[in-house]
Trainee: 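Input: one structure, supplied below.
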Number of protein chains: 2
Amino acid sequence: MIHFSRSLTRLLGELKKLPGVGDKTALRLAFHLLKSPDNLTALAESLLEVKAGVRFCSVCFGITEDDPCHLCSTERDRTTICVVEEPQDILAMERSRAFKGRYHVLHGALSPLNGITPGDLKIAELMKRLESGAIREVLIATNFTVEGEATALYLTRLIKPLSIRVTRLAHGIPLGSDLEFIDAATVQRAVEGRSEL
Amino acid sequence: MIHFSRSLTRLLGELKKLPGVGDKTALRLAFHLLKSPDNLTALAESLLEVKAGVRFCSVCFGITEDDPCHLCSTERDRTTICVVEEPQDILAMERSRAFKGRYHVLHGALSPLNGITPGDLKIAELMKRLESGAIREVLIATNFTVEGEATALYLTRLIKPLSIRVTRLAHGIPLGSDLEFIDAATVQRAVEGRSEL
């Protein structure tokens, strides 16, 4: 019988809760950390530091150490808000360097089957931000899944009556792709959204 | 510019030191942990617990919380020692359920190019265990790499003069493999080591 020490068993259990980490990877990570005790301590400390220091921005609900976060407090366009599902989606938008406005993180998407209703998302908080009257456009960047699309539709119906422009990220063929491997629905949307050359 | 908070940057740096974890995986792990603060705390605590509780067995140099470890203190065959490179190799041997003796972890393999000489491994400690006279066989289970083979050869020359039997794990075709995909050197060893049916 393979017998692990109590604390090692506990560590393996915790590691296996991470996404993409199974029995083998957990063992590999654990033994790697055991071989370098300094890294082990540094990892534990940085986890506790993040836990202590990182919170959600009270304006956009992104992840930050300072409240409001740097995206909400810097000189970015105050007339546009990009709505995303999760804090990490802000990174994807920022990497594109195409958006200069502010953000709003919903912390999820509508999913009645999983019991996630508008009250579970930061939608009321978004509507409150829109009340200020300074916002002229809301760019909805929820994921292109059933839940993300449903959320986009729900938000559109909520925001349009306020005479605020509601936009959605374009559908189409990703850069560098082979047309033959793109699914039919995406090609259909790309044809519908074709642009003049 | 994408701007992470100080503590998040530090956590990402620590995560990236783990084997197989790059920029994207580190981000994924970090955001996963941020979404479940309880798991984050539990992981940090179990890391510190392992760091505090886990040590090397003073007999076999495997990983343990109790010294000597359970493999050294239970009623296992005292006449056979299996020599492995790393503590996790003991797991691979134990999973096979084929070995009932004791273990000795070298904590590495000879590698003059990387400056790893016999003095860096637990070889002196192994020789001391052999002095007791109770050991009748040493099964060398170092890896089948250049370094592992060199270590096996070195140990054989050291141990044989003590009139102790020195054995090595068999080379051959792994179970469930397609012969056509096995490298020539392995097939050669499998032919040399063929068994009577």
Side-chain angles (χ1 to χ4, degrees), chain A residues 1-15 17-21 25 27-56 63-66 69-71 74 86-88 90-95 97 107, chain B residues 1-15 17-21 25 27-56 63-66 69-71 74 86-88 90-95 97 107:
Chain A
M1 194 206 67
I2 302 170
H3 168 103
F4 289 117
S5 71
R6 293 170 298 282
S7 60
L8 191 54
T9 307
R10 190 180 160 206
L11 176 59
L12 291 173
E14 291 302 328
L15 288 171
K17 289 184 193 163
L18 296 174
V21 177
T25 310
L27 264 178
R28 188 159 159 240
L29 294 177
F31 279 112
H32 175 89
L33 287 166
L34 283 168
K35 279 205 96 170
S36 49
D38 290 349
N39 285 352
L40 194 151
T41 317
L43 177 58
E45 281 171 0
S46 65
L47 283 166
L48 294 174
E49 200 180 295
V50 156
K51 158 102 172 162
V54 172
R55 70 207 70 200
F56 293 127
I63 278 171
T64 182
E65 259 175 305
D66 313 303
C69 75
H70 76 109
L71 289 168
T74 50
E86 300 292 344
Q88 55 267 45
I90 294 182
L91 293 180
M93 289 296 297
E94 285 295 286
R95 271 196 294 265
R97 294 164 187 270
H107 284 274
Chain B
M1 193 205 68
I2 301 171
H3 168 102
F4 290 117
S5 70
R6 294 170 298 282
S7 60
L8 192 54
T9 307
R10 190 181 160 206
L11 176 59
L12 291 173
E14 291 302 329
L15 288 171
K17 289 184 193 162
L18 296 173
V21 177
T25 310
L27 264 179
R28 190 160 158 240
L29 294 177
F31 279 111
H32 176 89
L33 287 167
L34 283 169
K35 281 205 93 171
S36 49
D38 290 349
N39 285 352
L40 194 151
T41 317
L43 177 58
E45 281 171 0
S46 65
L47 283 166
L48 294 174
E49 200 180 295
V50 156
K51 158 102 172 161
V54 172
R55 69 207 71 200
F56 293 128
I63 278 172
T64 181
E65 259 175 304
D66 313 302
C69 74
H70 76 109
L71 289 168
T74 50
E86 301 292 345
Q88 55 266 47
I90 294 182
L91 292 181
M93 289 297 296
E94 285 294 286
R95 271 196 294 266
R97 295 162 187 270
H107 284 274

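To find a chain, count down the sequence lines: A is the first, B the second, and so on, and within it residues start at 1. Fair warning: this is a prediction, and the values are worked out from it, not measured in the lab.
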Trainee: Please classify the contact of A/Leu33 with chain B as side chain, backbone, both or neither, using a heavy-atom distance under 4.5 Å.
Mentor: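 Just its side chain gets close to chain B.
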
Trainee: Go through B/Leu27, B/Val21, B/Leu34 and name the one with the most non-hydrogen pairs under 4.5 angstrom from chain A.
Mentor: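 Sorted descending by pairs with chain A, the first entry is B/Leu34.
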
Trainee: Measure the spacing between CD of A/Gln88 and CZ of B/Arg28 and express it to the nearest 0.5 Å.
Mentor: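 Taking CD in A/Gln88 and CZ in B/Arg28, the distance rounds to 10.5 Å.
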
Trainee: By a 4.5 Å heavy-atom criterion (distance strictly below it), what part of A/Leu11 contacts chain B: side chain, backbone, both, or neither?
Mentor: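 Interface part for A/Leu11: both.
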
Trainee: Which one, A/Ile63, A/Leu8, A/Ile90, leads in non-hydrogen pairs under 4.5 Å with chain B?
Mentor: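 Heavy-atom pairs under 4.5 Å are most numerous for A/Ile63.
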
Trainee: Taking all non-hydrogen atoms of both residues, which atom of A/Val50 and which atom of B/Ser7 are closest, and how far apart?
Mentor: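 Heavy atoms only, the tightest pair is CG2-O, 3.3 Å.
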
Trainee: For the interface with chain A, which of B/Glu14, B/Glu45, B/Glu86 has the highest count of heavy-atom pairs at distances below 4.5 Å?
Mentor: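 Ranked by contacts with chain A, first place is B/Glu14.
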
Trainee: Might you point out which heavy atoms bring A/Glu65 and B/Arg6 nearest each other, and give the distance in Å?
Mentor: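 For A/Glu65 versus B/Arg6, the nearest heavy atoms are OE1-N, 2.8 Å.
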
Trainee: Let's test your reading of the structure: which of A/Ala30, A/Gly53, A/Pro19 forms the most heavy-atom pairs below 4.5 Å with chain B?
Mentor: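 Heavy-atom pair counts peak at A/Pro19.
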
Trainee: Return the minimal non-hydrogen interatomic distance between B/Lys51 and A/Thr41, and the atom names on each side.
Mentor: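 So the minimum-distance heavy-atom pair works out to CE-OG1, 3.2 Å.
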
Trainee: What closest approach, in Å, do B/Ala42 and A/Arg10 show between heavy atoms, and which atom pair accounts for it?
Mentor: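 Heavy-atom minimum between the residues: O-NH2, 3.6 Å.
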
Trainee: Looking at every heavy atom in both A/Lys17 and B/His32, which two are closest together, and how far apart are they?
Mentor: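 It is O-NE2, 3.3 Å.
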
Trainee: CG/A/Leu48 to CG/B/Leu47 distance, rounded to the nearest 0.5 angstrom?
Mentor: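 With rounding to 0.5 Å, CG (A/Leu48) is 9.0 Å from CG (B/Leu47).
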
